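Working notes, structure below.
What you see is a predicted model, and the numbers here were worked out from it, not measured in a lab. By convention in this document, chain letters (A, B, ...) are assigned in the order of the sequence lines, proteins followed by strands, and residues within each chain are numbered from 1.
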Protein chains: 2
Amino acid sequence: MDVKTLCLGVLSMGERSGYEIKKTVEESFHHFFRAGYGSIYPALAELERAGHVAGREVAQEGRPAKRVYGITATGRDLLGRTLVGEEPRHVVRSEFLVLMYFAHLLPAERLAAVLDTMIARFRDGLAADLDHYARTHDQLTAGQRFALGYGRTVVAAALDYLERHRETLLDEVTVSDASGRPQAGDALAAAGD
Amino acid sequence: MDVKTLCLGVLSMGERSGYEIKKTVEESFHHFFRAGYGSIYPALAELERAGHVAGREVAQEGRPAKRVYGITATGRDLLGRTLVGEEPRHVVRSEFLVLMYFAHLLPAERLAAVLDTMIARFRDGLAADLDHYARTHDQLTAGQRFALGYGRTVVAAALDYLERHRETLLDEVTVSDASGRPQAGDALAAAGD
DNA sequence: GTGAACATGTAACGGGTTACATGATTGC
DNA sequence: GCAATCATGTAACCCGTTACATGTTCAC
């Protein structure tokens with residue numbers, strides 16, 4: 001599934017500009033999908049060329065004009081066929097966890113900073129999520145509630161894990177650092193002093 | 001963080017061939033990283049050109065010869081600097097969840113099949129994980145236990161969520177399908193009959 | 001002898017990210 | 001005037017995926 005399909009999906013819920021599509025993706029898909037302008041605008045242009053969406057200029061007061069797109073019949077058809085036809089991928093790519101795997105190669109302060117960054121990120125994401133859900137849950141489809149609930153549940157579990165194991169990891173790594181085995185982190189910390 | 005850094009990290013735990021690196025990644029990183037031969041072998045070649053790893057031919061009995069790589073001093077240095085220098089990314093890209101978000105556009109049987117596929121995948125992954133962990137936990141570093149534990153915890157939470165909400169989603173989507181609103185899924189299901 | 005696991009590579013392709021480029025409008 | 005938000009786009013680049021290509025050894 002590419003950004004083109006995502007755009008079709010978002011547009012199937014109502015007309016939007018490229019800018020607004022990105023907003024929707026950030027609000028509703030942020031736990032499991034992301035798309036930048038550099039992929040959204042070209043996707044929209046290509047979809048319009050192929051007749052799957054139709055754009056029109058809309059003037060606004062107090063804001064620059066925007067170009068809103070609506071999905072066409074062939075677009076809806078393509079969306080349905082694409083969703084049915086693709087086997088569902090689910091990929092996590094976490095350099096954060098690779099970093100944790102090699103925690104013994106990191107200076108303790110850096111390790112703590114990384115953990116705190118991730119904890120803060122998850123905490124903020126979850127709060128924004130809960131807020132968004134509270135404001136929209138009564139107008140969501142079953143599928144939307146399911147997908148959003150999945151994101152919330154999993155992030156909550158991740159956050160809980162990080163909070164509960166932060167201290168332990170920090171303690172254990174510090175102990176083994178002090179045990180005399182030379183570590184890349186030690187060398188770097190020494191070089192940094 | 002790219003596959004080159006990953007290879008350096010794996011090799012920092014001991015000498016390995018490209019084939020064996022892939023095995024290690026599959027066993028230990030499968031919840032949060034993946035790498036194919038098409039990225040591992042070129043990464044190794046480039047690392048060797050730069051002097052960060054050194055390869056040597058090793059004959060085996062009962063098996064084809066292999067080329068095992070060891071990390072060099074400069075490689076270890078580069079690994080340490082790379083790990084310290086990068087801000088930790090953590091990206092989930094789930095076409096599965098996008099599919100669930102648009103569940104109302106899917107025929108009910110397809111929706112059930114997708115859910116069952118994902119449940120089975122998570123179940124199998126978790127079992128393999130538990131098995132691997134049971135066999136290695138006493139020789140893992142704190143960081144490795146932390147990263148592996150994170151993966152296990154999060155996948156277990158995800159699996160639990162899927163199992164607990166599968167029926168509800170299926171019921172709710174079926175009900176709204178039958179309520180008279182035309183759906184893309186209906187059209188496709190009808191076309192398929 | 002055939003399939004599975006072991007083992008190593010190359011080359012094209014695709015798609016997303018990043019950086020660049022521009023401009024309107026509001027509020028401070 | 002300047003920062004922030006709204007708004008749209010392009011082009012180069014990176015890097016990972018996929019497909020292709022090849023060969024060994026074992027077990028059935």
So, is Ser17(B) close to the dT8(C) phosphate, meaning a side-chain N or O under 4.0 Å from OP1 or OP2?
yes
Going by atom types alone, do Tyr133(B) and Arg135(B) pair a side-chain donor with an acceptor below 3.5 Å?
no
Assign Phe33(A) to base, sugar-phosphate, or nothing according to its heavy-atom contacts below 4.0 angstrom with the strands shown.
nothing
Given dT17(D), dG16(C), dC6(D), which nucleotide is nearest the side-chain atoms of Pro64(A)?
dC6(D)
Ion pair check, Glu26(A) and Lys22(A), cut-off under 4.0 Å:
yes
Rounded to the nearest angstrom, tell me the gap between atom CD in Glu95(A) and atom P in dC15(D).
11 Å
Without decimals, in angstroms, what is the distance between Glu48(A) CD and dT8(D) C1'?
13 Å
At 4.0 Å (heavy atoms only), tell me whether Gly38(A) reaches a base, stays on the sugar-phosphate, or touches nothing.
base
Nucleotide dA5(C), atom P - distance to CD of Glu20(B) in whole Å
17 Å
Expressed in angstrom and rounded to an integer, what is the separation of Tyr37(A) atom OH from dG9(D) atom P?
12 Å
Phosphate oxygens OP1/OP2 of dT8(D): is one of them under 4.0 Å from a side-chain N or O of Tyr41(A)?
yes
Taking only N and O in the side chain of Tyr19(A), is any of them less than 4.0 Å away from OP1 or OP2 of dT8(D)?
no
Starting at the 5' end of DNA chain D and moving along, which residue's nearest nucleotide shows up first, Gly62(B) or Val68(A)?
Val68(A)
Output the rounded distance in Å from CZ (Arg16(B)) to P (dC6(C)).
15 Å
Separation of dT25(D) atom C1' from Lys66(B) atom NZ, nearest Å, is 14 Å
Using OP1 and OP2 only, check whether a side-chain N or O of Arg34(B) sits under 4.0 Å from dT17(D).
no
With sugar-phosphate meaning primed atoms plus P, OP1 and OP2, does Ala45(A) contact a base, only sugar-phosphate, or nothing at under 4.0 Å between heavy atoms?
nothing
Is it true that Thr174(B) and Asp171(B) share a donor-acceptor pair across their side chains at a distance under 3.5 Å?
no
Between Asp77(B) and His52(B), does any side-chain donor sit less than 3.5 Å from a side-chain acceptor?
no
Below 4.0 angstrom from OP1 or OP2 of dA7(C), is there any side-chain N or O of Gln60(B)?
yes
I want to verify a distance call: between dT17(C), dG9(C), dT18(D), whose nearest atom is closest to the Arg67(B) side chain?
dG9(C)
Sugar-phosphate only, base, or nothing, as touched by Lys23(B) at under 4.0 Å among non-hydrogen atoms
sugar-phosphate
Take the protein atom CD1 of Ile21(A) and the nucleotide atom C1' of dG9(D), then report the distance between them rounded to whole Å.
14 Å
Aromatic contact between Phe32(B) and His90(B), with the criterion being ring centroids under 6.0 Å apart: yes or no?
no
In whole Å, I'd like the distance from the CZ atom of Arg63(A) to the C1' atom of dA4(D).
13 Å
